[in-house]
Engineer: 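Would you mind keeping the following structure in view while I ask a few things?
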Number of protein chains: 2
Amino acid sequence: MADTDSGSEQPVPRKRADARRNERALLDAAAAAFVTSGVDVPVRDIAARAGVGVGTIYRHFPTRADLIVAVYRHQIEACAEAGPALLADSDTPHAALAQWIDLFVDFLATKHGLAAALQSDDAAFQTLHTYFLDRLVPVCDQILHAAVAADEIRPDLDAYGLLRGVGNLCIGAGTDPRYDARRLVDLLVAGLRVR
Amino acid sequence: MADTDSGSEQPVPRKRADARRNERALLDAAAAAFVTSGVDVPVRDIAARAGVGVGTIYRHFPTRADLIVAVYRHQIEACAEAGPALLADSDTPHAALAQWIDLFVDFLATKHGLAAALQSDDAAFQTLHTYFLDRLVPVCDQILHAAVAADEIRPDLDAYGLLRGVGNLCIGAGTDPRYDARRLVDLLVAGLRVR
DNA sequence: TGGCTACCGGAACGGCGTTCCGCTTAATCA
DNA sequence: TGATTAAGCGGAACGCCGTTCCGGTAGCCA
């Protein structure tokens, strides 16, 4: 895959020191604000925490989705990369699927409002939706196919549908002690088994 | 249970004619607006459709939840009342459960944004949440217990959790042809079966 | 050190939910 | 039927929020 620049020259000469500092401060402030107030926290709150103006947020992160993705990128990557490893290490593909989905639920359920944002049809969250799908659907698809090939689960659900379903079930997890998203996800995965 | 008024007198003397007319117009306008723009349609839009001022909406329906409940009350009642009937007519409690949940999904999935509103922790939707739970949890509970008693399903999920899970799975149904909420709900119910 | 320009801060704007108050008008009674 | 009264109405006004825009500031380089 060819890069846009042709080799030797540096097309992105490096940002100014204050810009780098502000970006860092914004990421830290956003991460903290997401924890205390959810990913729907007002833009002004994040700006205030970071000690910058609101314009600075939009300059670095044009949409809220860009900021959310930047904050959680490492964790999402880790989840994606864990897929093949689990598939290789587990006794059966179905066990790998269950464990991998557990990872995904652990991630989603602890991010206040993230699961809801993922399903939102608001244009501001388009990037978020796309990033999650691009990164996780192929991984899920791989495990799913392995499980189907091993005759462990029914072949009639694709990775996209499963991930959206799991994401949906995680909405509200952690805000209501009576609602146990993990158990419901377990039941859903159990429903996939051949009988 | 004693009524607040003591028998003969009429404590609610009957509203003025224009008030009754406006309430009717608002219900019709809201129903139409919900169909075209979802239950999150701006209050001003509903007021404009009904040909009234925004103040009139708040006078008749203090919160958005009150308006939504008023619009859908008949359908929710019908769903609730269908529960015992299905339980009596079906071959097995599990079949009744599946059919009843189908009814619930049919209702929810065709109301743009309603499933999301149901799970929202926004205070404006508190009444909505409460009404749905008060009306449907007992019905679901009855069918669930019958199925458990018949040894058809696992006893480890209560009606509240199941209804919330189903409601969550319905979020986004109808907006994305790739997402089939009904199938996921079926898988969830299948996961409940004893094996 | 001086100038260029990337970058910043926050005022300003529009959309929204919600409240409030002066006016309208349905209901009642002489 | 006409006067009285208060229930009810409309929409201006307010505050919150996302987003845009521009005058000013300060890093960077020659």
Side-chain angles (χ1 to χ4, degrees), chain A residues 9-30 33-34 36-69 113 116-117 120-128, chain B residues 9-30 33-34 36-69 113 116-117 120-128:
Chain A
E9 56 182 329
Q10 200 78 325
V12 191
R14 190 156 182 237
K15 291 208 282 203
R16 255 169 57 170
D18 54 347
R20 269 177 289 136
R21 205 180 337 149
N22 281 331
E23 185 166 336
R24 185 72 275 142
L26 276 172
L27 282 174
D28 293 345
F34 289 169
T36 58
S37 311
V39 297
D40 290 321
V41 61
V43 174
R44 281 166 176 77
D45 288 6
I46 304 176
R49 269 184 197 259
V52 304
V54 285
T56 302
I57 289 197
Y58 285 95
R59 195 165 309 106
H60 290 281
F61 306 100
T63 71
R64 182 178 293 268
D66 295 315
L67 184 53
I68 298 176
V69 167
S120 161
D121 53 358
D122 187 332
F125 289 117
Q126 182 59 48
T127 308
L128 187 67
Chain B
E9 57 181 328
Q10 200 77 327
V12 189
R14 192 164 182 225
K15 290 210 280 203
R16 256 170 56 170
D18 53 350
R20 269 176 289 136
R21 202 178 335 134
N22 281 330
E23 185 166 334
R24 240 291 53 89
L26 276 172
L27 282 175
D28 293 344
F34 289 169
T36 58
S37 310
V39 297
D40 290 320
V41 61
V43 174
R44 281 168 177 76
D45 289 6
I46 304 176
R49 269 185 197 259
V52 305
V54 285
T56 302
I57 290 197
Y58 285 96
R59 194 165 310 106
H60 289 281
F61 307 100
T63 71
R64 182 179 293 270
D66 295 315
L67 183 53
I68 298 176
V69 167
S120 161
D121 53 358
D122 187 333
F125 290 117
Q126 182 59 48
T127 308
L128 187 67

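Naming: A, B, ... by sequence-line order, numbering from 1 per chain.
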Engineer: Between C:dT18 atom C1' and B:D66 atom CG, what is the distance in whole Å?
Structural biologist: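 Computing the B:D66:CG to C:dT18:C1' distance gives 14 Å.
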Engineer: For DNA chain D, whose closest nucleotide is more 5', that of A:R16 or that of B:A19?
Structural biologist: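 Looking at DNA chain D, the more 5' nearest nucleotide goes with B:A19.
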Engineer: Check this for me: does any side-chain nitrogen of one of B:R24 and B:D28 sit under 4.0 Å from a carboxylate oxygen of the other?
Structural biologist: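 A salt bridge is present here (some side-chain N lies under 4.0 Å from a carboxylate O).
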Engineer: Mind checking the OG1-CD1 spacing from A:T56 to A:I46? Nearest 0.5 Å is all I need.
Structural biologist: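 Result: 13.0 Å between the selected atoms.
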Engineer: Using a 4.5 Å cut-off on heavy atoms from C-beta on, say whether the side chain of A:R64 contacts that of A:V41.
Structural biologist: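 Of all side-chain heavy-atom pairs linking A:R64 with A:V41, at least one is under 4.5 Å.
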Engineer: Check the distance between D:dG18's P and A:F125's CZ and give it to me in whole angstrom.
Structural biologist: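 Rounding to the nearest Å, CZ of A:F125 and P of D:dG18 are 10 Å apart.
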Engineer: Identify, with sequence neighbours excluded, every residue that meets side chain to side chain donor-acceptor pair (under 3.5 Å) alongside A:T63.
Structural biologist: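 If we apply the side chain to side chain donor-acceptor pair (under 3.5 Å) test to A:T63, skipping adjacent residues, the hits are A:D66.
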Engineer: By nearest heavy atom, map B:R64 and B:A17 onto DNA chain C; which one lands nearer the 5' end?
Structural biologist: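 On the 5' side of the pair lies B:R64.
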Engineer: If the test is salt bridge (charged side-chain N to carboxylate O under 4.0 Å, His left out), which one of B:R16, B:R21, B:R20 qualifies with B:D18?
Structural biologist: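 Looking at B:R16, B:R21, B:R20, the match for B:D18 under the salt bridge (charged side-chain N to carboxylate O under 4.0 Å, His left out) is B:R16.
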Engineer: Both B:R21 and B:T63 contact DNA chain C. Which one's nearest nucleotide lies toward the 5' end?
Structural biologist: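 Its nearest nucleotide being more 5', the pick is B:T63.
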Engineer: To the nearest angstrom, how far is A:F61 atom CZ from C:dC7 atom P?
Structural biologist: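 Distance, rounded to whole Å: 13 Å.
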Engineer: Just how far is it from atom CG of B:L67 to atom CG of B:L128, taken to the nearest 0.5 Å?
Structural biologist: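 If I round to the nearest 0.5 Å, the distance is 10.5 Å.
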Engineer: Do A:F61 and A:V69 come close enough that some side-chain heavy atom pair is under 4.5 Å?
Structural biologist: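 When only atoms from C-beta onward are counted, A:V69 and A:F61 do not touch, as no gap falls below 4.5 Å.
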Engineer: Rounded to whole Å, please give me the gap between CG in A:D122 and C1' in D:dT19.
Structural biologist: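 My rounded result for the distance is 13 Å.
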Engineer: Side-chain N or O of B:N22 less than 4.0 angstrom from OP1 or OP2 on D:dC9?
Structural biologist: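 The answer is yes; a side-chain N or O of B:N22 sits under 4.0 Å from OP1 or OP2.
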Engineer: Using whole Å, report how far CD1 of A:I57 lies from C1' of D:dC21.
Structural biologist: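 Between C1' of D:dC21 and CD1 of A:I57: 16 Å.
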Engineer: Indicate whether OP1 or OP2 belonging to D:dG8 is found under 4.0 Å from a side-chain N or O atom of B:H60.
Structural biologist: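 It does not, given that no N or O in the side chain of B:H60 lies less than 4.0 Å from OP1 or OP2 of D:dG8.
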Engineer: From CZ of A:R14 over to P of D:dC28, roughly how many Å is that when rounded to an integer?
Structural biologist: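 Going from CZ in A:R14 over to P in D:dC28 covers 8 Å.
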Engineer: Just compare D:dC9, D:dT20, C:dA27 and give me whichever is closest to any side-chain atom of B:D18.
Structural biologist: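 Taking heavy atoms from C-beta onward, the closest nucleotide is D:dC9.
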Engineer: Report the end-to-end axis angle of the helix from C:dT1-D:dA30 to C:dA30-D:dT1; each axis comes from five terminal pairs, and the value is rounded to 10°.
Structural biologist: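 Here the local axes at opposite ends form an angle of 0°.
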Engineer: Are the side chains of B:E23 and B:L26 in touch, meaning some heavy atoms are under 4.5 Å apart?
Structural biologist: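 Result no, sub-4.5 Å side-chain heavy-atom pair not found.
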Engineer: Nearest-Å distance, OH (B:Y58) to C1' (C:dC21)?
Structural biologist: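 Computing the B:Y58:OH to C:dC21:C1' distance gives 17 Å.
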Engineer: First locate atom CD of B:Q126, then atom OG of B:S120, and finally report the distance between them rounded to the nearest 0.5 Å.
Structural biologist: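 Reported to 0.5 Å precision, the distance equals 10.0 Å.
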Engineer: What is the distance from NZ of B:K15 to P of D:dG8, rounded to the nearest Å?
Structural biologist: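 Rounding to the nearest Å, NZ of B:K15 and P of D:dG8 are 7 Å apart.
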Engineer: Polar atom pairs between nucleotides 10-14 of chain C and protein, under 3.5 Å, N or O only, would you list them?
Structural biologist:
{"residue": "C:dG10", "atom": "O6", "partner": "A:G55", "partner atom": "N", "Å": "3.1"}
{"residue": "C:dA12", "atom": "N6", "partner": "A:R44", "partner atom": "NH2", "Å": "3.2"}

